[in-house]
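Because only heavy atoms are used, hydrogens play no part in the values below, and waters and symmetry mates are left out as well, while side chains stay in.
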Amino acid sequence: MDTIKYSCIAVDDEPLALEKINRFIEKVPFLDLKKSFGNGLDALGWLKNNKVDILFLDIQMDELTGLQVIGLLDYRPVVILTTAYDQYALQGYELDVTDYLLKPFSFERFMKAVNKAGAAMAEKSTPQVTVTQEVKSAGRAFIFVKTEYRMQKIFLDEIQYVEGMKDYLRIMTPK
């Protein structure tokens, strides 16, 4: 059975800190380090054409801070902030970051953040189902299923079967 691998990048303007994060990422079998960046501007440019699951991001950097990078993203990967400054924690959580690693952090603390990120990724991919009655069109009942970033309307009388597949559901309807 294939193990799920989460793609990630690391962004930090301190070379030693970036090297440490890269080493930690490489130790984790379900993380796939795509690239490392020494500043937020280069990372943001790369992210315009590439998507990752997890973003390890320093806050205090020249040109663009990590918080500015988050605000400029076209999509939102799971974000783990890595910083030496605890005063940004509230802002980070207001931006819905998954975790906040305060430097210097241990591998054990890094793994706690990575496991939290994995749980957030699993939650993102789990379909959410809402059952609703449609009053206007002949009383046909339907559900909305969240798939990726959109809601799909499915009429209950068209469902042939539903199959549970670990973190996913397969709902078969006539084509």
Side-chain angles (χ1 to χ4, degrees), residues 1-128 144-152 166-168:
M1 183 195 295
D2 291 331
T3 303
I4 294 175
K5 278 196 163 242
Y6 298 116
S7 61
C8 58
I9 63 168
V11 186
D12 200 311
D13 63 344
E14 297 173 46
L16 291 176
L18 188 58
E19 185 181 315
K20 179 180 181 177
I21 294 167
N22 289 345
R23 259 193 348 265
F24 282 3
I25 291 170
E26 288 170 5
K27 287 183 178 183
V28 182
F30 59 88
L31 292 181
D32 181 19
L33 181 63
K34 294 296 183 185
K35 210 156 173 66
S36 294
F37 298 93
N39 65 68
L41 195 56
D42 289 344
L44 192 60
W46 188 84
L47 287 168
K48 291 283 183 194
N49 298 313
N50 302 277
K51 290 189 177 189
V52 293
D53 299 314
I54 302 171
L55 172 59
F56 294 92
L57 184 63
D58 186 23
I59 293 178
Q60 283 287 4
M61 296 183 290
D62 292 336
E63 294 158 355
L64 285 176
T65 68
L67 300 177
Q68 290 170 323
V69 169
I70 293 170
L72 293 170
L73 289 172
D74 293 333
Y75 75 101
R76 183 63 65 90
V78 171
V79 177
I80 297 174
L81 292 176
T82 61
T83 185
Y85 304 96
D86 62 357
Q87 69 262 30
Y88 297 106
L90 181 60
Q91 277 181 281
Y93 283 109
E94 285 175 353
L95 290 169
D96 204 23
V97 301
T98 300
D99 210 339
Y100 194 97
L101 292 173
L102 194 58
K103 295 175 186 174
F105 49 86
S106 66
F107 183 69
E108 179 182 2
R109 179 62 183 92
F110 176 83
M111 280 306 299
K112 183 176 181 181
V114 166
N115 287 331
K116 193 186 283 189
M121 291 298 298
E123 187 176 304
K124 271 185 171 182
S125 67
T126 303
Q128 298 173 356
F144 281 107
V145 178
K146 184 177 180 196
T147 60
E148 302 255 329
Y149 301 104
R150 64 185 178 91
M151 297 294 281
Q152 176 79 35
K166 199 170 184 181
D167 293 332
Y168 302 94

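- Atom CD of E108 sits in a sparse spot, with 12 or fewer heavy atoms from other residues, nucleotides or ligands closer than 6.0 Å.
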Next on the checklist: Before you tell me yes or no, could you show the steps for V69 and L57 under side chain to side chain contact (heavy atoms under 4.5 Å, CB included), namely the whole-Å CA-CA distance, both residues' side-chain angles and the distance that decides it to 0.1 Å?
Outcome noted: CA-CA 9 Å; V69 169; L57 184 63; 4.3 Å; yes
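- With sequence neighbours excluded, no residue satisfies side chain to side chain donor-acceptor pair (under 3.5 Å) with T98.
- Within the model, atoms CG of N39 and CG of D58 stand 11.0 Å from one another, a figure rounded to the nearest 0.5 Å.
- When all heavy atoms of M61 and G66 are compared, the closest pair comes out as CE-N, 3.8 Å.
- For the pair I59/L67, a side-chain contact is recorded, criterion being any heavy-atom separation below 4.5 Å from C-beta on.
- F30 places a side-chain heavy atom less than 4.5 Å from the side chain of N115.
- Applying the salt bridge (charged side-chain N to carboxylate O under 4.0 Å, His left out) rule to pairs touching residues 63-74 yields K48-D74, sequence neighbours excluded.
- To the nearest 0.5 angstrom, K112 atom NZ is 12.5 Å from I80 atom CD1.
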Could you go through residues 8-18 and list every donor-acceptor pair under 3.5 Å that involves a side-chain atom there, pairing it with any protein atom two or more places apart or in another chain?
residue : atom : partner : partner atom : Å
D12     : OD1  : E14     : N            : 2.9
D12     : OD1  : K103    : NZ           : 3.4
D12     : OD2  : K103    : NZ           : 2.5

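- Applying the side chain to side chain donor-acceptor pair (under 3.5 Å) test to D96 and every residue at least two apart in sequence or in another chain returns nothing.
- R109 pairs by the side chain to side chain donor-acceptor pair (under 3.5 Å) definition with D99, not counting sequence neighbours.
- Every residue meeting the ring-ring contact (aromatic ring centres under 6.0 Å, His included) condition with F110, not counting sequence neighbours, appears here in chain and number order: F24, F56.
- Considering only residues two or more places apart in sequence or on other chains, K34 meets the side chain to side chain donor-acceptor pair (under 3.5 Å) condition with D32.
- Taken to the nearest 0.5 Å, the CD1 atom of I70 stands 5.0 Å off from the CG atom of L81.
- Using a 4.5 Å cut-off on side-chain heavy atoms (C-beta onward), L44 and F37 make no contact.
- The distance from atom OG1 of T82 to atom OH of Y100, rounded to the nearest 0.5 Å, is 9.5 Å.
- Side chains of I54 and P77 form no contact here, defined as non-hydrogen atoms less than 4.5 Å apart.
- Contact check for L55 versus L73: side-chain heavy atoms found under the 4.5 Å cut-off.
- Between R23 and E19 a salt bridge is recorded (basic side-chain N to carboxylate O distance below 4.0 Å).
- Judged purely by atom type and a 3.5 angstrom limit, Y6 has no side-chain atom pairing as donor or acceptor with the backbone of V52.
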